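These numbers come from a predicted model, not from an experiment. Letters A, B, ... mirror the listed sequences (proteins, then strands); counts begin at 1.
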Number of protein chains: 2
Amino acid sequence: MSAKRHNSVHFGSQAYPHGMEPTTETRRDPRRGRTRRALMDAALELVEKKDNFTALSLRLVARKAGVVPTAFYRHFPDMDALGLALVDESFRTLRQLMREVRSTSIPVKQVMRQSMETYIDYVRANAQHFQFVAKERFSGSPAIRTAIRQEIRLFTSELATDLSRFPILDKVNAEDLQMMAGLVVNNMTSLTEQVLDLPADDPEEKEFLIRTAEKQLRVIVLGALAWRSR
Amino acid sequence: MSAKRHNSVHFGSQAYPHGMEPTTETRRDPRRGRTRRALMDAALELVEKKDNFTALSLRLVARKAGVVPTAFYRHFPDMDALGLALVDESFRTLRQLMREVRSTSIPVKQVMRQSMETYIDYVRANAQHFQFVAKERFSGSPAIRTAIRQEIRLFTSELATDLSRFPILDKVNAEDLQMMAGLVVNNMTSLTEQVLDLPADDPEEKEFLIRTAEKQLRVIVLGALAWRSR
DNA sequence: CCTCCATGTCAACACCTGTTCACAAACTAC
DNA sequence: GTAGTTTGTGAACAGGTGTTGACATGGAGG
């Protein structure tokens, strides 16, 4: 659930994160941005099935999108630009999940278990985007790598301010909150990568993954509670 | 310190982890395995400076090693085989560090701070190998990826048995020990990747990294101590 | 209507790629 | 020294690559 939305077609603003797209207006034409989307989807599929985004060739992506190589340049100057657009889109979907979670009041009793479960489902539903980010985070071109790094940093900061709202942590200073958020993010990314390598339908292994991730989060929380109060 | 050793020349057994190399004997010839090493070094340098190992071409590696493309096949059937040899070598160096650490009795007072410090120095001294592993862990070819995954799993298990020797944790069952080891390894890999992106000489940033990593480890330990004893 | 302009096509370029084969050099072992 | 094996060389192949320029199409807005 809550994941189907990303299958719909988005126009504009993916590749121009800071509003330099051609003044969004008049988008009644259903053909608008169609090829652009086809290119991005082609790249995502190729990354999911084959190895690397960096290893993808412009021609291959164009071919998979059902378009001649030269048409690529009508939408992106570069393969790097396509990659940046994908980074932007990927984190847009993640941010959306976070927004949904924040606006939902969860029963405190089983908050951890359920958080893990919905997160895992979310990763699997958006596997292509997460796969892309996981693969390019370290091996991508410098531009893509720093873009991803920045997004993660931002995400960590947001989580830190979320944490600051818990009354139990109100004695923890800002730097330590950031450090705890980093701890959580580290283990979330690790969990993400494990989920991506999960065999398609193995509920047993999935259950084990959930239980482990939940316990790890629990250890972190226990540690955070004991922090500066020994 | 303790890191210079890996610069010496190693013969045999890197690409054949399980002893199928040509019956090591009679290695008085200083030319033996020289080109092989040159190829591996060339690949490491290219990975460190450029992007991906998967994106490397056989011809480029051969050229950088000062050898004609055809000569490559005398030493490796594949680029994949070269990659596997590098995985093996990388984890050999890491295992060596662990052995040294285990055999050293550390003053309990500042064990964490010092552990972090020596580990960071170690990563920087062997940056090429760690860089290679970090980049190929997710984006490499399937063979290389599973090889790395297996090595990390093994490393985690070793750490788990190390943990089991602490008397404070003797009430923790095997599965939970494994889970705690996973927690530590997650954050070690994250730290590793941050170290690799550290600007060459920025002692201030390095100090911040050490402090954060140390505190994160401390949170984990606090959590582990509180585990099942509330 | 007719003119722009975005979008897509086609042909061509210079270059790099993995892999092959036959051949030369160098070292080992007898 | 001579035979045999390992190691490195050179030329050649079929094919993929990024990027170019000139040209076709077709919808948008005057």
Could you give the [atom1]-to-[atom2] distance, from [X] to [N], as a whole number of Å?
X       : N      : atom1 : atom2 : answer
A/Met79 : D/dT19 : CE    : P     : 10 Å
A/Asp78 : D/dT20 : CG    : P     : 11 Å
A/Phe72 : D/dT20 : CZ    : P     : 13 Å
B/Arg59 : D/dG15 : CZ    : C1'   : 12 Å
B/Tyr73 : C/dT20 : OH    : P     : 6 Å
B/Leu58 : C/dC16 : CG    : P     : 16 Å
A/Leu39 : C/dT7  : CG    : C1'   : 12 Å
A/Leu82 : D/dG18 : CG    : P     : 12 Å

Problem - Closest-nucleotide ordering on DNA chain D, the 5'-leading residue of A/Leu60 and A/Arg74 - result: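 Its nearest nucleotide being more 5', the pick is A/Leu60.
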(request) Give me the ring orientation class for B/Tyr119 and B/Phe130: parallel if the planes are under 30° apart, tilted from 30 to 60°, perpendicular past 60°. (result)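 Ring orientation, 0 to 90° scale: perpendicular.
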Subject >> Minimum heavy-atom distance B/Arg36-B/Ala85, with the two atoms named >> reply: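 B/Arg36 and B/Ala85 have their closest heavy atoms at NH2-CB, 4.4 Å.
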Once hydrogens and angles are ignored, does a donor-acceptor distance under 3.5 Å link the base of C/dC21 to the side chain of B/Thr70?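 Answer no: no donor N or O sits under 3.5 Å from an acceptor.
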Query - Between A/Gln178 and A/Ser157: side-chain donor-acceptor atoms closer than 3.5 Å - result: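 On atom types as modelled, these side chains qualify, holding a pair under 3.5 Å.
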Original post:
Side-chain donor-acceptor pair under 3.5 Å between B/Gln128 and B/Glu48, yes or no?
Top reply: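 Per modelled atom types, B/Gln128 and B/Glu48 side chains form a pair under 3.5 Å.
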Under 4.0 Å: is that the gap between some side-chain N or O of [X] and OP1 or OP2 of [N]?
X       : N      : value
A/His75 : C/dA6  : no
B/Arg63 : C/dT17 : yes
B/Arg34 : C/dA26 : no

Inset, instruction - Please determine which of B/Ile148, B/Val87, B/Ile144 meets the side chain to side chain contact (heavy atoms under 4.5 Å, CB included) test together with B/Arg137. - result: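 One option only clears the test, and that one is B/Ile148.
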Tell me what A/Ser57 touches on the nucleic acid: a base, only sugar-phosphate, or nothing, going by heavy atoms under 4.0 Å.
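Sugar-phosphate: the residue A/Ser57, judged by heavy atoms under 4.0 Å, touches backbone atoms but no base.
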